[in-house]
Protein chains: 2
Amino acid sequence: MNEEISCIIRHFSHYCSLSSGEKQLLMTLEDSPTDIKSGTLLWEMGDPANEFCTLKSGWAYSYRHLEDGDRQILEVFLPGDIIGLREFAFSQRLENVRMIDDSVVCHFPHKSMLDVFRQSLTLTSVMFAIGSRQQALLTERLVTLARLSARKKMAHFLCEMHMRLRQTNPGIGNQLRLPLSQEQLADILGLSPVHVSRTFTALSEDGLVFRDRHRVTIPDLSALCAEGEFNDYYLSDNVRPLLGEIA
Amino acid sequence: MNEEISCIIRHFSHYCSLSSGEKQLLMTLEDSPTDIKSGTLLWEMGDPANEFCTLKSGWAYSYRHLEDGDRQILEVFLPGDIIGLREFAFSQRLENVRMIDDSVVCHFPHKSMLDVFRQSLTLTSVMFAIGSRQQALLTERLVTLARLSARKKMAHFLCEMHMRLRQTNPGIGNQLRLPLSQEQLADILGLSPVHVSRTFTALSEDGLVFRDRHRVTIPDLSALCAEGEFNDYYLSDNVRPLLGEIA
DNA sequence: CGACTAATTGAGTTGGATCAAAAAGTGTGG
DNA sequence: CCACACTTTTTGATCCAACTCAATTAGTCG
């Protein structure tokens, strides 16, 4: 039960402190860690959906195809995230999921969720909170995609990623590894790859973002946040208020 | 405990059959029905968030403002929907909510959710399922906003609304009341009001949609679905699979 | 080093935005 | 029932952010 090795416990602890029984229960969710290679599909739309995965290490993303062949990336998953939570209520996968890095995932069946519900009010609440947070992320992206300029979209996305990474990994400073091609970035932001390149150049010229291959440096985070109309309330304010009620 | 009068029970029953104890528990969520006038703000961003609302009758929507004064509508709520589920994990409201019609809402505090968690595995699961479904709706809209043409966005949205209305109200035929101005429609679809008007005209000219004030007629639903790349899997396939497991 | 893949740069096009004005609805009080 | 004020929708003209197409220049890696 070493917390170092369980990123899901680290993730959940972010929401509230857990009893050792709860930690034990969580550990079972991270059973059977499986290696999975970069570029592999974890699952495809239409596949039967009867389990979640926790992402122990590596990055992944979910996406959809459109009729004209365009692709839209919906979510980027980081270590500690739960993949496939959205499909809890569905019998089929609603989206494709592909690994960005060589990764380790742990499978756990939907019906284990019922054990969680039965055994721990706290974990149930945290599960709910995680769902809420995911919705908040989606909502934020939606506003961004619908209304911001390419420049602001990029700025916003970089701020968001930096913030998310810093939450589990304080001390990353003003740097981050962003293992995404510009084509993938385009598919996240609803832009063309060409325009992503131009936008990156423009942001660099203005000194907001520097980039060397997959390393991104943000010299002045608050300036970039301002540029992207980014505000971290939807990432930070999670679930604290509820805790008192449970105890 | 007349089901006719409780739209939340009707809504939940959509996911699975409920015991009378569960229905009773749900009824408490619809306590204290409150009238609220069309155009009123239910709440604003930053307001303390410690309750949900169930929408007993009328329509509502949630939205956000951007720096340039643009507005993005995030969700349209129909009778039976739960408003503010997303903020379960937050202490502040993340979005504004405004009533479209004269409506009736019922308040229930977040901590009542804990009673639900404690008392009914089924209702807990359904709550989760509702969250999943909301995410699915958001995801679908995200793809739509990011990648489709104005024409397809409109078509998609109309199909979605028709489908959602039909779920609680079979027999609406090929008509629907759409109490939204073109400006609101624009704010939903990420378009300008002017372009919404033009797009409506174009769809009418092609015989896909007819409109008289707030009445919309869809002569050939499947044609409109095809036009909007609409597929109802994200609305229909809800939660059935789980039921066996609980029983 | 050669063969790919990813990123950049340039030129030309376009879907939807903006601005402005006219037309159609809606509502209110006399 | 009409006149006046206000809001919503439509139409026309112009503009621009981002797209597409195409060619070049890095990177990456067996």
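Each chain gets a letter, A, B and so on, in the order the sequences are listed, and its residues count up from 1. Below, all heavy atoms of this structure are taken into account, side chains as well, without hydrogens, waters or symmetry copies.
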Passing candidate, side-chain hydrogen bond (donor to acceptor under 3.5 Å, both in side chains) with Tyr63(B), options Arg98(B), Glu75(B), Arg71(B): Arg98(B)

Sequence neighbours left out, what passes side-chain hydrogen bond (donor to acceptor under 3.5 Å, both in side chains) with Thr139(B)? Give chain and number order. Arg86(A)

If you compare all heavy atoms of Thr217(A) against all heavy atoms of Pro219(A), which two are closest, and at what distance to 0.1 Å? O-CD, 3.4 Å

Rounded to the Å, how far apart are Lys152(A) NZ and dA18(D) C1'? 16 Å

How would you list all residue pairs meeting salt bridge (Lys or Arg N to Asp or Glu O under 4.0 Å) that involve residues 146-171 of chain A, not counting sequence neighbours? Asp81(A)-Arg164(A), Arg141(A)-Glu160(A), Arg147(A)-Asp70(B), Arg147(A)-Asp187(B), Arg151(A)-Asp206(A), Arg151(A)-Glu227(A), Lys152(A)-Glu229(A), Lys152(A)-Glu67(B)

Arg151(B) has an atom CZ; how far is it from atom P of dT14(C), in whole Å? 18 Å

If only atom types and distance count, is the side chain of Gln167(B) paired as donor or acceptor with the main-chain N or O of Leu235(B) below 3.5 Å? yes

Which atoms form the tightest heavy-atom contact between Gln72(B) and Ala146(A), and what is the distance? OE1-CB, 3.3 Å

Heavy-atom protein contacts under 4.0 Å, nucleotides 11-17 of chain D, coded B base, S sugar-phosphate only, - none: BBB----

Side-chain N or O of Arg211(A) closer than 4.0 Å to phosphate OP1/OP2 of dT8(C): yes

Taking the side chain from Asp220(B) and the backbone from Ser222(B), do they hold a donor-acceptor pair closer than 3.5 Å? yes

4.5 Å side-chain heavy-atom contact, Asp101(B) and Arg177(B): yes

Please name the pair of heavy atoms, one in Gly190(B) and one in Leu145(B), separated by the smallest distance, quoted to 0.1 Å. N-CD2, 4.1 Å

Do any of residues 178-193 of chain B sit with a heavy atom less than 4.0 Å from DNA chain C, and if so which? Gly190(B), Leu191(B), Ser192(B)

Closest non-hydrogen atom pair between Val209(B) and Leu158(B), with its separation: CG2-CD1, 3.7 Å

Write down the atom of Met99(B), the atom of Ala60(B), and the distance for their closest heavy-atom approach. CE-CB, 3.8 Å

Tell me, please, which residues at least two apart from Gln182(A) pass side-chain hydrogen bond (donor to acceptor under 3.5 Å, both in side chains). none

My understanding is that only residues two or more places apart in sequence, or in another chain, count here; which of them pass side-chain hydrogen bond (donor to acceptor under 3.5 Å, both in side chains) with Asn96(B)? none

Pair listing, salt bridge (Lys or Arg N to Asp or Glu O under 4.0 Å) test, anchored in residues 45-55 of chain B, at least two apart: none

Pull out every protein N or O sitting under 3.5 Å from an N or O of nucleotides 28-30 of chain D, one pair per line with the distance.
{"residue": "dT28(D)", "atom": "OP1", "partner": "Arg213(A)", "partner atom": "NE", "Å": "2.7"}

Please report, rounded to the nearest Å, how far the P atom of dA18(D) is from the CZ atom of Arg147(B). 13 Å

Considering non-hydrogen atoms only, spot the tightest contact between Ser38(A) and Ile100(A) and give its length. OG-O, 3.1 Å

Grab the CG-P distance between Leu148(B) and dC19(D) for me, whole Å please. 15 Å

How bent is the helix from dC1(C)-dG30(D) to dG30(C)-dC1(D), comparing axes over its five end pairs at each side, to the nearest 10°? 50°

Protein-nucleotides 21-24 of chain C N/O pairs closer than 3.5 Å?
none

Could you give all pairs that pass the ring-ring contact (aromatic ring centres under 6.0 Å, His included) test and reach residues 159-218 of chain A, with sequence neighbours left out? none

What orientation do Phe52(B) and Phe108(B) show, parallel under 30°, tilted 30 to 60°, or perpendicular over 60°? tilted

Ile83(A)/Trp43(A) under side chain to side chain contact (heavy atoms under 4.5 Å, CB included): CA gap, chis, key distance, verdict: CA-CA 11 Å; Ile83(A) 307 178; Trp43(A) 60 63; 3.8 Å; yes

Which residues within residues 203-210 of chain A lie with some heavy atom under 4.0 Å of an atom in DNA chain C? none

Between dA26(D) (P) and Phe200(A) (CZ): distance, integer Å: 19 Å

